[in-house]
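Structure record follows, encoded as structure tokens.
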Amino acid sequence: MDMEKLVALCRRRGFIFQSSEIYGGINGFWDYGPLGVELKKNIKDAWWNDMVRNPPPGPDGQEISMVGVDCSIIMNPKVWEASGHVGGFADLMVDCRACKAHLRADQITALMYVKNVAGVDEPPAYFTAIGDADEVRKQKAKKIKKLESAGFLYRDAVTLQIPMENEHYARIECPSCEQIGTLTRPRRFNLMLESHAGAVLDDASKVYLRPETAQGIFANYRNVLDSTRLKLPFGIAQVGKAFRNEINPRNYIFRSREFEQMEIEFFCHPSESMKWYEFWRDVRKAWYTKLGIKSDNLRPREQGKEELAHYSIGTTDIEYMFPFAAEPQELEGVAHRGCYDLQQHERHSGKDLHYFDEEAWETALKSGQVQNTKEAKQDERYRFLPHVIEPSAGADRFLLATLCEAYAEEEVKGETRTVMRFHPRLAPIKAAVFPLVNKEGMPEIAQRLYRELKSNWNVQYDDKGAVGRRYRRQDEAGTPYCITIDGQTLQDQTVTIRDRDTLQQERIAMSQVAEEIRKRL
RNA sequence: GCGGGUGUAGCUCAAUGGUAGAGCACCUGCCUUCCAAGCAGGCUACGAGGGUUCGAUUCCCUUCACCCGCUCCA
């Protein structure tokens, strides 16, 4: 599939426009047009319905408790200190002044070689490469051999995120162009977008646009618990905008600076966390398949140990094989975050975020296993920080996958037909109503049917041009059903319903149209 | 962020140092009884800013956006 053709169709049909296009656009920001907003809304509604209001049964067939929140985009900046996004947010980066390479400091390993003459070290030599010490040895084998034969000995291996003295740092070579002393010192790039709340533009008024919706959930975890009578395990969900100051937005809407997330934080007892992690991983993958993503384009990928965030016990990326990339790209990450987030917020806020399992406590008390003392209540069997499973999905990324998956061109009677094969549940327009010709009372009947249907669904009426052209127009919009009022309708009150994918028409009673659409959606 | 490329109508493309033309699409009307038919008419463009020039869409500079490669993607 050709991305350029998809982008052109999305623009032509009003799915996606570049933001601020009349001013030349702005890198990393996109607008959804009339069809795009319907598609996106359907995606978010499907997620909310299938995950929050009516989630699938849990691993043991039990009902799952899920509730939602909708938090502010701007929060107290301390939230981002606790979450680690301020300061620790971005990786340390180094730039090469000579070859302009832009590299992650922690991925560059430097091997130090020193020649010791009469108890005094000569200036050291460094060899670097992207990767671990073995990688450096492999890449620089020849040079190292040469140096060793000159009497230098291996002394140490460090990554560039370790602070270093100036005279040493000046002898580091760029792993890309191999020039010595051309690397800048490691620097942090702030990937959070900033603003100011309040009239005065100073550091005290500095606020951040949230880089993820998750922290709003953690910050409200206590509130939700106290206001709902929820018992562990349970999930809190949120759909909303998030912002990241991506250095290099690319690939259409895949990596934008403003995007929408659909996130769940599922809180459970530590001993059950692996079970829930596996549950959500499987549920989330199945959800994409159900909504029309072919499973061979969908790759769940367990992250390797070296990729994992330091607090995570396990993470699965659900990846999709986009046409613009050779490797599958992440649609959603299902992360086992342990108790990291609640622990961080407990430390930074000073508020108690532990969960007290009253049921377990009562049971233990009744059976005489414990004494009713303050100390006993502190036992981690009854009082603990819940573990968290986080399925975090990108709404825009799934929308893009949906577009890529739906796009099809095919030959119909020597003509090329372009059709968006959306899952009917996601299709922006559910049905279109046509009078076959604009006479003999057909438009009036068609209008009446149109008005009836649009009280339930997004439906279009079209009487312009030949009927074949109207069908093709709806194909590009991905409308699953087209209903045509023809001469026979005047005789027997039947209409044809045409299927987008098979092009087959079926004749049904006009009074049954709404019921038929409901059945098929 | 670096290197390369591109930027003329909604789309695909053309021409030109003297302010632009076609096909498709779109709109109006006629015609049309099932998959982009036909006829007539119509709308719409030199990405932005600056410079050179009597005059710039064309030459130069800057900038913005997009594409490809590298890098990055907490």
Side-chain angles (χ1 to χ4, degrees), chain A residues 3-5 7-9 11-14 17-29 80 83-104 106-107 130 175-177 184 187-192 211-212 244-252 254-257 259 307-310 312 317 324-327 329-330 333 394 397 410 412-419 434-440 442 463-476 482-490 495-500 503-505 507:
Chain A
M3 272 313 277
E4 274 186 41
K5 284 186 173 175
V7 172
L9 182 142
R11 180 177 150 66
R12 185 170 71 242
R13 288 292 157 178
F17 308 120
Q18 200 180 4
S19 170
S20 331
E21 197 189 82
I22 61 169
Y23 289 102
I26 177 167
N27 196 350
F29 297 89
W80 307 112
S83 69
H85 287 87
V86 174
F89 186 81
D91 292 302
L92 287 164
M93 304 295 299
V94 297
D95 289 304
C96 173
R97 294 184 195 93
C99 73
K100 307 296 180 193
H102 183 69
L103 306 155
R104 253 174 76 175
D106 65 339
Q107 288 184 343
I130 295 167
S176 176
C177 69
T184 61
R187 292 179 293 195
R188 256 176 233 291
F189 286 74
N190 188 6
L191 292 195
M192 276 198 293
E212 60 176 34
R244 292 179 195 185
N245 203 6
E246 297 287 355
I247 294 166
N248 192 0
R250 276 284 169 93
N251 292 327
Y252 203 29
F254 182 79
R255 177 166 299 118
S256 315
R257 293 192 168 123
F259 55 98
E307 286 179 275
L308 288 176
H310 64 276
S312 183
D317 287 341
F324 55 72
E327 298 292 317
Q329 302 287 316
E330 182 181 347
R397 288 184 174 186
E410 58 183 30
V412 177
K413 294 181 184 165
E415 297 267 5
T416 301
R417 180 173 84 118
T418 304
V419 54
F434 310 147
L436 187 57
V437 287
N438 285 309
K439 56 185 187 188
E440 295 168 22
M442 291 181 207
D463 61 2
K464 291 286 183 287
V467 73
R469 180 180 294 271
R470 289 179 247 162
Y471 284 135
R472 296 297 173 84
R473 268 201 285 264
Q474 294 300 330
D475 288 341
E476 281 202 340
C482 291
I483 293 126
T484 303
I485 277 67
D486 59 9
Q488 197 176 329
T489 310
L490 308 171
V495 298
T496 61
I497 179 164
R498 175 256 199 192
D499 184 277
R500 176 194 67 201
L503 303 180
Q504 295 303 305
Q505 284 179 300
R507 187 163 280 281

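Naming: A, B, ... by sequence-line order, numbering from 1 per chain.
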Checklist entry - Taking side chain as C-beta onward, heavy atoms only, is Arg469(A) less than 4.5 Å from Lys464(A)? => result no

Next on the checklist: In whole Å, I'd like the distance from the NZ atom of Lys5(A) to the C1' atom of A25(B).
Outcome noted: 17 Å

Item to check | Atom P, compared across G18(B) and C24(B): separation rounded to whole Å | outcome: 29 Å

Checklist entry - Which value, rounded to the nearest 0.5 Å, describes the distance between Glu212(A) atom CD and Met192(A) atom CE? => result 10.0 Å

Item to check | Under 3.5 Å side-chain donor-acceptor pair for Arg498(A) and Gln474(A) | outcome: no

Checklist entry - Do Arg257(A) side-chain atoms and Pro249(A) backbone N/O form a donor-acceptor pair below 3.5 Å? => result no

Output one line per pair: protein atom, nucleotide atom from nucleotides 63-68 of chain B, and distance, for all N/O pairs under 3.5 Å.
unit_1	atom_1	unit_2	atom_2	d
C64(B)	O2'	Gly24(A)	O	3.3
A65(B)	OP1	Asn27(A)	N	3.2
A65(B)	O4'	Gly24(A)	O	3.0
A65(B)	O3'	Gln18(A)	NE2	2.7
A65(B)	O2'	Gln18(A)	NE2	3.0
C66(B)	OP2	Asn27(A)	OD1	3.3
C68(B)	N4	Arg250(A)	NH2	3.2

Item to check | Between A20(B) and U52(B) - C1' atom distance, rounded Å | outcome: 23 Å

Checklist outcome for this item: note: Leu9(A), atom CG; G10(B), atom P; distance rounded to Å ~ 17 Å

Checklist entry - Which nucleotide, in any strand shown, forms a Watson-Crick or G-U wobble pair with G18(B), with both distances under 3.5 Å? => result C54(B)

Checklist entry - In whole Å, what separates the C1' atom of U19(B) from that of G55(B)? => result 10 Å

Listing, residues 18-25 of chain A side-chain donor-acceptor contacts under 3.5 Å, not counting sequence neighbours, or none:
unit_1	atom_1	unit_2	atom_2	d
Glu21(A)	OE1	Arg11(A)	NH1	3.2
Glu21(A)	OE2	Arg11(A)	NH1	2.8

Checklist entry - About how many Å separate CD1 of Ile485(A) and OG1 of Thr496(A), when rounded to the nearest 0.5 Å? => result 7.5 Å

Item to check | Residue matched to C70(B) through Watson-Crick or wobble contacts both under 3.5 angstrom | outcome: G1(B)

Item to check | Rounded P spacing from G41(B) to C35(B) in Å | outcome: 29 Å

Checklist outcome for this item: Taken to the nearest 0.5 Å, the spacing of Arg470(A) CZ from Asp463(A) CG works out to 6.5 Å

Checklist entry - In B/S/- notation, 5' to 3', how is nucleotides 29-36 of chain B contacted by protein heavy atoms closer than 4.0 Å? => result ---BBBBB

Next on the checklist: For the P atoms, the ones on U28(B) and on C34(B), what distance do you get once it is rounded to whole angstrom?
Outcome noted: 23 Å

Next on the checklist: When both hydrogen-bonding distances must be under 3.5 Å and the geometry is Watson-Crick or G-U wobble, what is G29(B) paired with, if anything?
Outcome noted: C39(B)

Checklist outcome for this item: Applying the 3.5 Å cut-off to both distances, the Watson-Crick or G-U partner of C24(B) turns out to be G10(B)

Checklist entry - Quick one: does Phe324(A)'s side chain get under 4.5 Å of Tyr252(A)'s, heavy atoms only? => result no

Next on the checklist: Rounded at 0.5 Å granularity, tell me how far CZ in Arg500(A) sits from CG in Asp475(A).
Outcome noted: 8.0 Å

Checklist outcome for this item: Rounded to the nearest 0.5 angstrom, the CD-OH distance for Gln505(A) and Tyr471(A) is 4.0 Å

Item to check | Spacing of the P atoms in A9(B) and A48(B) (rounded, Å) | outcome: 11 Å

Next on the checklist: Can you check the distance between C66(B) and A25(B), where both ends of the measurement are the C1' atom (answer in whole Å)?
Outcome noted: 23 Å

Next on the checklist: Taking only the P atom of each, what is the distance from U16(B) to G7(B) in whole angstrom?
Outcome noted: 15 Å

Item to check | Rounded interatomic separation in angstrom, taking CD1 from Ile22(A) and C1' from U44(B) | outcome: 16 Å

